[in-house]
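As structure tokens, the structure follows; a few thoughts come after it.
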Amino acid sequence: MRVALGSDHGGYELKETIRKHLEAQGLKVQDVGTYSSDAVDYPKYGFAVGCAITKGEADLGIVICGTGQGISMAANKIPGIRAAVCSETFSARMAREHNNANVLSLGARVIGAGLALDIVDIFLKTEFAGGRHAHRVDLISNIERGENV
Ligand code: RB5
């Protein structure tokens, strides 16, 4: 599995922890930055992770900022991106199983690194259930195309 990973300065340290965790599992990680704790603007990194997915360079993405909110909003502006902010494991599993989320968003100032790694593992290992959920996700795509639902 190929994972795109990005954060602003607020998420930089957690991004480094997650990158090492994923690489230790043999996963291919595309780290789009940021590469230090210097202040940067989170939309750039949400956009970069989303583009890595829509271009087919990554299967799933992980974005991190202070709260997980701003960077997920940026990623969600890209058609085809479904970013889910998760602060516990149940939402992470459901976001994949029911919503086919392709980006996990974490708040480094909200949760600790141990919980974040559990959330990451569950998000990456859970498959989309399809079935009745596929129709609902298709309706989200309709909204992106300006169609009625
Ligand atoms: C940066 O201070 C902070 O605003 C950012 O990391 C994030 O929390 C925004 O949603």
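When a ligand or atom number is given, it counts from 1 through the structure's own listing order.
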Does OH in Tyr12 sit with more than 12 non-hydrogen atoms of other residues, nucleotides or ligands closer than 6.0 Å?
-> yes
Atom 2 (O) of ligand 1: closest protein heavy atom, distance to 0.1 Å, is Arg109 NH1, 3.4 Å
Relative to the heavy atoms of Gly66, which atoms of ligand 1 are at a distance of less than 4.0 Å?
-> 5 (C), 6 (O), 7 (C), 8 (O)
Look at atom 5 (C) of ligand 1 and say which protein heavy atom is nearest, naming residue and atom and giving the distance to 0.1 Å.
-> Asp8 OD2, 3.2 Å
Quick one: nearest non-hydrogen protein atom to atom 4 (O) of ligand 1, plus distance?
-> Tyr42 CE2, 4.5 Å
The option among Val40, Thr67, Asp41 carrying the non-hydrogen atom nearest to atom 8 (O) of ligand 1 is Thr67
Does ligand 1 have any atom sitting under 4.0 Å from a heavy atom of His9?
-> yes
For Glu13, look at atom CD and say whether over 12 heavy atoms of other residues, nucleotides or ligands are found less than 6.0 Å away.
-> no
More than 12 heavy atoms from other groups under 6.0 Å of CG on Asp118 | yes
Would you name the heavy atoms of Gly10 and Ala108 that are closest together and state the gap between them?
-> O-CB, 3.3 Å
Atom 10 (O) of ligand 1 touched by protein heavy atom at under 4.0 Å | yes
Is Glu23 paired with Lys20 through a side-chain N to carboxylate O contact shorter than 4.0 Å?
-> no
Which is closest to atom 7 (C) of ligand 1 by heavy-atom distance: Cys65, Gly68, Gly70, Ala39?
-> Cys65
Do other residues, nucleotides or ligands put more than 12 heavy atoms under 6.0 Å from the CD atom of Glu127?
-> no
